[in-house]
J.: 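This structure is in structure tokens; I'll ask about it shortly.
Within every chain, numbering begins at 1; the chains are lettered A, B, ... in the order of the sequence lines, protein sequences first and strands thereafter. Atom set for the values below is all heavy atoms of this structure, side chains included, hydrogens, waters and symmetry mates excluded.
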Amino acid sequence: MTTPESSTSSNFIRDLVAADRAAGKHGGRVVMRFPPEPNGYLHIGHAKSIVLNFGIAHESPGGVCHLRFDDTNPTTEDPEYVQAIQDDVRWLGFDWHGKIFYASDYFEQLYAFAIVLIKKGKAYVDSLTADQIREHRGTLTEPGRDSPYRTRSADENLDLFARMRAGKFSDGAHVLRAKIDMRSPNINLRDPILYRIRHAAHYRTGTAWCIYPSYDFAHPLSDAIEGITHSLCTLEFEDHRPLYDWVVAEADTPHRPQQIEFARLNLTSTVMSKRKLLELVGKQLVTGWDDPRLPTLKGLRRRGVTPEAIRAFCEHLGVAKRDAIVEMQLLEHFIREDLNKRSPRVMAVLRPLKVILDNYPEGAAEELDAVNNPEDVSAGTRKVPFSRTLYIEQDDFREDPPKQFYRLAPGREVRLRYGYIIKCVSATKDPRTGAVAELHCTYDPETRSGSPQEQRKVKATIHWVSAPHAATATIRLYHPLLLADQSKLPAEQDWTRSLNPQSLELLTGCLVEPSLRSAAPGSRFQFERQGYFCVDSDSSPKALLFNRTVSLKDAWAKVEKAQHKSQR
RNA sequence: UGGGGGAUCGUCUAGCGGUAGGACGCCGGCCUUUGGAGCCGGCUACCUAGGUUCGAUUCCUAGUCCCCCAGCCA
């Protein structure tokens with residue numbers, strides 16, 4: 001299926017899975033899993049994991065990848081997230097082929113495994129308080145101490161555990177612990193907690209249970225139950241691997257999955273931790289989980305990013321064990337690369353400046369042919385109305401043009417995209433502010449696009465809209481969520497103070513070509529010379545609303561920046 | 001100063017004892033009715049010190065630096 005050209009780059013996990021399969025390990029089967037806890041929305045970091053897990057499964061003959069909800073904590077989970085996660089995985093382009101797995105479906109089996117451990121003397125009920133347990137755990141450098149309840153008999157443990165399940169105790173009264181080694185240098189092995197009492201309704205099992213298994217117990221066993229062959233997780237779980245292996249071994253499951261860790265994705269100038277994302281949404285620092293400034297899949301989607309771009313980005317990233325922070329520019333590159341091929345071009349003026357063509361007949365209008373997508377001839381052409389009064393971008397005129405500024409200035413010529421060459425005659429100013437109010441220009445009738453005499457060359461071509469025909473729109477521009485320079489902030493300061501107060505820029509009174517009047521929410525366009533935009537879900541024909549997905553690369557901005565620098 | 005991991009261009013990543021490659025970025029050029037796209041060229045890296053070897057980014061030893069772990073979260 002994967003051709004040499006399109007094949008994804010190899011990485012240590014892909015290689016290991018392939019080697020296991022070739023060696024006939026696990027009977028040559030490849031069973032992966034993506035196991036989110038339904039306590040939040042998926043973000044681009046999850047996308048890396050999804051692409052890896054589903055990708056490896058898909059490229060392995062007979063391979064499968066389970067979608068499993070790791071729902072062992074009733075107090076944080078919600079069906080809203082279960083639905084959102086499924087939507088997002090599907091939107092990203094992956095399919096779990098029907099069955100969805102839930103750790104909560106294994107509660108009964110997990111309970112039985114706990115009984116097995118208790119009978120083997122490998123687990124005990126501890127009746128210390130949470131504080132006491134912490135004290136007994138020791139520190140990074142000091143060993144822990146055994147709980148006085150560690151030596152309870154199997155019968156007593158069995159009885160206590162049964163009564164825990166039966167709801168005879170209040171939250172925190174007892175826990176079930178693995179009996180491993182309180183002196184282990186690995187803190188995860190100092191009798192980790194397997195079950196805790198939580199009198200809380202679970203979104204799936206309701207009040208059937210008041211004891212819930214912990215991650216360290218439920219996860220390896222869920223993997224074993226499902227026949228997962230390779231259980232991928234992030235680096236912070238490396239220390240848990242001995243425990244993962246211990247649980248599976250002591251529970252004596254017929255199948256033994258293998259945990260493999262890799263570095264999670266970090267991106268510059270954004271936040272990815274669940275805690276921070278939750279805080280942004282909770283404190284209404286953003287408009288919701290789908291705020292286009294967020295790296296959530298919902299946010300990226302609303303912003304106009306395609307699943308193809310995200311997948312290409314993730315495939316390109318590679319998988320390794322070293323911590324890494326990927327530059328946002330790399331994501332933007334993949335977004336542009338994808339959008340460039342598929343987006344129809346259109347003209348829109350974000351910050352309008354009125355232009356009157358003095359020698360163009362008043363009341364007249366004509367239709368010009370415009371190419372929809374130079375990257376895709378099959379996209380065809382469209383008609384764009386032209387008239388005596390136009391709007392161009394304020395940035396495309398300078399009264400006193402700097403060096404290398406090729407655009408319009410008094411006495412200078414420029415081509416109007418798909419139209420004529422025009423020459424600026426004069427600029428009138430607002431008497432109060434001194435700002436340029438409108439331009440008077442003349443057009444050269446010989447230079448209409450497509451006409452035989454159009455050979456004349458000018459330095460620049462600019463976009464425009466016809467004043468009487470244009471539609472009004474509101475456009476949102478997005479800037480980095482975080483301030484560029486994080487280093488100046490004291491480490492212990494409230495992190496939200498490092499948020500960029502200008503992350504959302506709202507432009508009203510933008511003028512777009514009339515073909516956009518009927519644009520459907522979700523559709524994407526390239527606004528020529530400016531960037532990729534999509535119609536927001538709140539947009540309507542009466543109140544057009546666009547989101548800028550990503551800007552086009554801007555060579556002039558670089559020149560200008562360099563000029564500013566050299567002036568200093 | 002316990003344990004577990006990791007160090008390759010500015011960033012991400014390949015390499016599996018034999019000329020350190022790719023991508024993003026940056027710089028320069030070509031082309032252009034998008035200062036877009038495309039094309040061409042360039043830039044910059046093996047944490048340090050020893051050792052083994054004809055040969056070390058790769059193997060060994062000793063350091064240095066970075067990350068993770070002391071939830072009844074996952």
J.: Looking at every strand, decide which applies to A:Arg190 at a 4.0 Å heavy-atom threshold: base, sugar-phosphate, or nothing.
T.: nothing
J.: Looking at B:G35, does its base get a donor-acceptor pair with the side chain of A:Arg407 below 3.5 Å?
T.: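 Present.
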J.: Rounded to whole angstrom units, what separation is found between the CG atom of A:Asp131 and the P atom of B:C72?
T.: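 Whole-Å distance recorded here is 10 Å.
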J.: Could you state the atom-to-atom distance from NE2 of A:His333 to C1' of B:U13 in whole Å?
T.: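 Spelled out: NE2 on A:His333 to C1' on B:U13 is 14 Å.
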J.: B:G3 base to A:Asp239 side chain: any donor-acceptor pair below 3.5 Å?
T.: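 For A:Asp239, whose side chain was compared with the base of B:G3, there is a donor-acceptor pair (under 3.5 Å).
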J.: Specify the residue among A:Pro185 and A:Ser451 whose closest nucleotide of RNA chain B lies further upstream toward the 5′ end.
T.: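 The answer here is A:Pro185.
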J.: Should the pair A:Arg456-A:Glu446 be classified as a salt bridge under the 4.0 Å nitrogen-to-oxygen rule?
T.: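 The answer is no: the pair does not qualify as a salt bridge.
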J.: Centre-to-centre under 6.0 Å for A:Tyr244 and A:Phe237, is that the case here?
T.: no
J.: Within residues 136-150 of chain A, find the residues that approach RNA chain B with a heavy atom at under 4.0 Å, and present them sorted by residue number.
T.: A:Arg137, A:Gly138, A:Thr139, A:Leu140, A:Thr141
J.: For residues A:His240 and A:Cys233, determine if any side-chain heavy atom of one lies less than 4.5 Å from a side-chain heavy atom of the other.
T.: no
J.: So, A:Arg198 and A:Glu77, do they make that salt bridge, N to O below 4.0 Å?
T.: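 Answer for the salt bridge query: no.
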J.: Are there more than 12 heavy atoms of other residues, nucleotides or ligands under 6.0 Å from atom CG of A:Leu278?
T.: yes
J.: Figure out the CZ/P separation between A:Arg241 and B:G4, and round it to whole Å.
T.: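 Answer to the nearest Å: 11 Å.
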J.: Could you check whether A:Leu317 gets within reach of a base, just the sugar-phosphate, or nothing at all, counting any heavy atom under 4.0 Å?
T.: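 The answer is sugar-phosphate, as A:Leu317 gets under 4.0 Å only of primed atoms, P, OP1 or OP2.
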J.: Would you classify A:Pro374 as touching base, sugar-phosphate or nothing, given that sugar-phosphate means primed atoms plus P, OP1 and OP2, and contacts are heavy atoms under 4.0 Å?
T.: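 Since a base atom lies under 4.0 Å of A:Pro374, the category is base.
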J.: Could you tell me how far apart A:Tyr418 (OH) and B:G36 (P) are, to the nearest whole angstrom?
T.: 15 Å
J.: Give the intermediate values and the outcome of side-chain hydrogen bond (donor to acceptor under 3.5 Å, both in side chains) for residues A:Ser104 and A:Asp71.
T.: CA-CA 6 Å; A:Ser104 54; A:Asp71 52 357; 2.7 Å; yes
J.: Between A:Glu393 and A:Arg407, does any side-chain N to carboxylate O distance fall below 4.0 Å?
T.: no
J.: Under 4.0 Å, heavy atoms only, any strand: does A:Val319 hit a base, just the sugar-phosphate, or nothing?
T.: sugar-phosphate
J.: Suppose we call a contact any N or O donor and acceptor under 3.5 Å apart; does that hold for the side chain of A:Gln526 and the base of B:U34?
T.: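 Between B:U34 and A:Gln526, which were checked side chain against base, a qualifying N/O pair under 3.5 Å is present.
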J.: Here's a test of your reading of the structure: between A:Pro36 and A:Phe334, which maps to the more 5' nucleotide of RNA chain B?
T.: A:Phe334
J.: Would you say the side chain of A:Glu327 and the base of B:G10 hold a donor-acceptor pair, judged only by whether the two atoms sit under 3.5 Å apart?
T.: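 Result: at least one qualifying N/O pair found.
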J.: Checking only heavy atoms, does the side chain of A:Glu375 share a donor-acceptor pair with the base of B:G36 at less than 3.5 Å?
T.: yes
J.: Is A:Ala324 touching bases, backbone alone, or none of the nucleic acid, heavy atoms closer than 4.0 Å?
T.: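 Sugar-phosphate contact only - A:Ala324 comes under 4.0 Å of backbone atoms but never of a base.
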J.: Both distances under 3.5 Å, Watson-Crick or G-U wobble: report the partner of B:C31, or none.
T.: none
J.: Measure distances between side-chain N and O atoms of A:Arg415 and base N and O atoms of B:U33, and say whether any donor-acceptor pair falls under 3.5 Å.
T.: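 Answer yes: a donor N or O sits under 3.5 Å from an acceptor.
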J.: Please report, rounded to the nearest Å, how far the C1' atom of B:A74 is from the CG atom of A:Asn39.
T.: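 Whole-Å distance recorded here is 7 Å.
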J.: Is A:Asp146 salt-bridged to A:Arg183, cutoff N-O under 4.0 Å?
T.: yes
J.: Quick one: classify the glycosidic conformation of B:G22 as syn or anti, with syn meaning within 90° of 0.
T.: anti
J.: Under 4.0 Å, counting only non-hydrogen atoms across every strand here, what does A:Lys457 touch: a base, just sugar-phosphate, or nothing?
T.: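 Result for A:Lys457 = sugar-phosphate.
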